[in-house]
Each structure stands twice: as structure tokens, then as C-alpha cells.
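Every number for a ligand or one of its atoms is a count from 1 in the order of the listing.
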Amino acid sequence: MFCIVVGARPNFMKMAPLVQEARRRGLAHILVHTGQHYDAAMSDVFFRELGMPQPDVHLGVGSGSHAEQTARVMTAFEPACLQHKPRLVMVGGDVNSTLACALVAAKLCIPVAHVEAGLRSFDRTMPEEINRIVTDHISDLLFTSEPDGDQHLLAEGIAAEKIHFVGNCMIDSLRAHQEKALARAPWTSFGLEPGGYGLVTLHRPASVDDPATLEELRQALCEISARLPLIFPVHPRTRQRIQSSGQDWQSIQLVEPLGYLDFLGLMSKARLVLTDSGGIQEETTALGVPCVTLRDNTERPITIEVGTNRLAGTQRDQILRATTEALESDKPGRLPDLWDGHAAQRILDIVAPGS
Ligand code: UD1
């Protein structure tokens, strides 16, 4: 029996294809939700729309500082491992739940598989970078989504036989749900025309926790909204920061966080996406939608090399320049290798050969 872990929003679309494929093959497994994200809009809707079963184990850890959250996941996950005795723990991405569960399993001598291994921003001020590095170094199977990942892991001394380039599970979910997402035509309920709006997301501490940075971003986005209507589903952290800043965001349509299908539908028909997310850089690349990344670095360089992404930083002028370039560019982008909707199958072929 193996264990699949999810905790925060970006985990759900990465791990859902593994849950589905394990069920299809009749492989014994349990699904553990750490509860890092717990709001209906940040968690439940994704389970429903991605067709995931209810978790077998819910750790209910909730929010807290990094240390508190990581510690709570560890304390709650250890007894679950001791009870269920999985032969392998599969974690995904780079959130605190990923690191915490990998650490628990490694110390119980349970092999760990890391889905989306090897990504590096080389920016250790990002909590996710620490999570990625530590998780990779205590994992036994490292499943990479882009060839740079393999290079980083090899350069860090990880044995080649542990590393498997399998493609991108998040794109498995995207392909499986794209048609259903478009059929909902989510732009209509926001008064938008297909191809006639920009979609914004911002949630990283580096973007929203510093009032000066948030103000630069606000000014840039407000200016862009004079050319292109912008819709911005607001993450709970960002909602708190905007409320306490007293800033005027009125020219932008701020809405509650969206479910997977509505967000995917909106993203598919956006003229442009502006984001500080990691996964959205990949999804826009897969969709061929121009993306302006509101960060100074990316751990997903392939989205810039072959995809439709460009890095703009967090300064107003740079963002406006990158936005103009993105709107004027006719670069169609190319799909990265193995972003073909079959990554989960390749992973389970390795984890459970012959299944
Ligand atoms: C986490 C991940 C980040 C990922 C993001 C996606 C880490 C270190 N960060 O960041 O990599 O891109 O998820 O969303 O794991 N909150 C709610 N309801 C919820 C969840 C959070 O209100 O369901 C609020 C709480 O005030 C909480 C804050 O959002 O303190 C931040 O949540 P947290 O899980 O700590 O990190 P994220 O910023 O969501």
C-alpha cells in the first residue's frame, strides 16, 4: 500500500491524476490531506471538480507560522504512517506539507517519492525553495517535470538512478478537464469577452506582504486595466493585505478564489495572465496563453525558453514593458516534452511496475 499526500491548493491538481491512475489500476493506496488549506474555496471545490475521493486521513493542521505548520503536519502524519505502514509516501510540489511529510517518512525509513522534483529558483528567501531542496535530498524517487530538474539534481549529487523525467502531472489534470472548463464559459458571469481580458493572481509573501511592493504591483495593474479589463481572484493572504493597506483596487475586478474549472476556463480564454504563481506559468505555457510573471526569478525556466512566459519582476515600469511586449508578441510557444497528459501513468509504471 502506498500513501499519496496533498495539503495545499497547488497539490490537488498535481496529485489527482495519480489518485485516479492508482484507482484505475486497482493499486492499494491511501490519500492523506494535511489540511494546510482548509477553506471550501481553497480545498473542497478542488476535490469535487477533480473527481478526487474524500481523503482517507485528514490531519486538519490549518494555518500557522512555517515552523508551527510544518511541525503540526509532522506530529499528525507520524502516527498515520505508523498505523497504515505505507511502503512508499508520494509527495508533490514544494509546500510546507510536502517537506513535513517527506521528513516524517524518511525518518521512519519509508521510501519517499517526490513529484515535481528538481525545480530551483536559486532564491533561498522563498520558503518553497527550502522545501524543494530538502525534500529532494531525502527522497528515494525523484520525478522531474522538465529537463532542468534532472540537471539540478545531478549537480547536487543525487544519484542518476533515482531521477526519472516523467513530464508534468499538473498538465494531466489540465488536459483531462479543459473541455469541461470551457463548456462552463466562466467569463460570461463576470461580464467578460473571450480573449478580451487579463487574469491576475498574486499570493506570495514576497509580492503581497511588503506594502511598497504591493503598491508597485497595484499601480502597474491599474494602469494595465485601462487597456485591458482585469479580473483578479484573490487568495486569502492577499485579501488580508489589501484590506489592511487601504489601497484603491477599484479599476480591477476582485473576486473570491475560484474553483479549478472556472479558473481553467478563464485562463484558457484570457488575452494575458499576470501572476506570481509557479503552476500558472506552466498552465499558460500548456495553453499557449501569454504570461507575465510578477517575480524576479522562476524555478520553471522552460516556460520562458519554449513557452509563453516572461519574467517582469515587481517594479511598475518593468511590468508595463513586459505586458506591452506580451500583448504585441506573436510567439506561439511550444509544448515542453512530456507535457502530454500521461505523466501520472509514467510515474505509476515506475512505482508499481507491471500494474
Ligand atoms: C501555500 C504554499 C505556496 C503555494 C500556495 C498556494 C507554503 C510555504 N506555501 O502558500 O507555495 O503557492 O500555498 O495557495 O506551503 N488561508 C486561509 N484559508 C486557507 C488557507 C490559507 O484563509 O484555506 C490564509 C491564512 O490566513 C494563512 C494564509 O492564508 O495564514 C497563508 O496560508 P499558508 O498555507 O500558510 O500559505 P499560502 O500563502 O497559501
So which heavy atom in the protein is nearest [atom], and how far is it from that ligand atom?
| atom | answer |
| --- | --- |
| atom 4 (C) of ligand 1 | H203 NE2, 3.7 Å |
| atom 2 (C) of ligand 1 | V95 CG1, 3.7 Å |
| atom 8 (C) of ligand 1 | N96 OD1, 3.3 Å |
| atom 17 (C) of ligand 1 | Y38 OH, 3.3 Å |
| atom 25 (C) of ligand 1 | S63 OG, 3.3 Å |
| atom 26 (O) of ligand 1 | Q240 NE2, 3.1 Å |
| atom 18 (N) of ligand 1 | D39 OD2, 2.9 Å |

Correct closest heavy-atom pair for S145 and W339 would be O-NE1, 2.8 Å

Quick one: closest heavy-atom pair of V57 and A80, and the distance? CG1-CB, 4.3 Å

Is there a side-chain contact (heavy atoms from CB on, under 4.5 Å) between M126 and D94? Walk through the geometry before answering. CA-CA 10 Å; M126 284 178 80; D94 53 16; over 6 Å; no

So that I know where these two stand, are F263 and H177 an aromatic pair - ring centroids less than 6.0 Å apart? no

Just checking F12 against Y260, ring centres under 6.0 Å apart? no

Run the side-chain contact (heavy atoms from CB on, under 4.5 Å) check on V6 and V32 step by step: do they pass? CA-CA 6 Å; V6 293; V32 173; over 6 Å; no

Find all atoms of ligand 1 within a distance of less than 4.0 Å from any non-hydrogen atom belonging to P236, and give their numbers and elements. 16 (N), 17 (C), 18 (N), 22 (O), 24 (C)

Which residue is it: R9, H33, R48? I am looking for the one with a side chain to side chain donor-acceptor pair (under 3.5 Å) to S43. H33

Which option, R9, Q36, H37, owns the non-hydrogen atom nearest atom 32 (O) of ligand 1? H37

Among E128, R237, Q69, whose heavy atom sits nearest atom 38 (O) of ligand 1? R237

Hey, are R120 and E156 close enough for a salt bridge, meaning a charged N less than 4.0 Å from a carboxylate O? yes

Is P10 touching ligand 1 with its side chain, its backbone, both, or neither, if touching means heavy atoms under 4.0 Å apart? side chain

Backbone or side-chain N or O of R204 under 3.5 Å from ligand 1 N or O: no

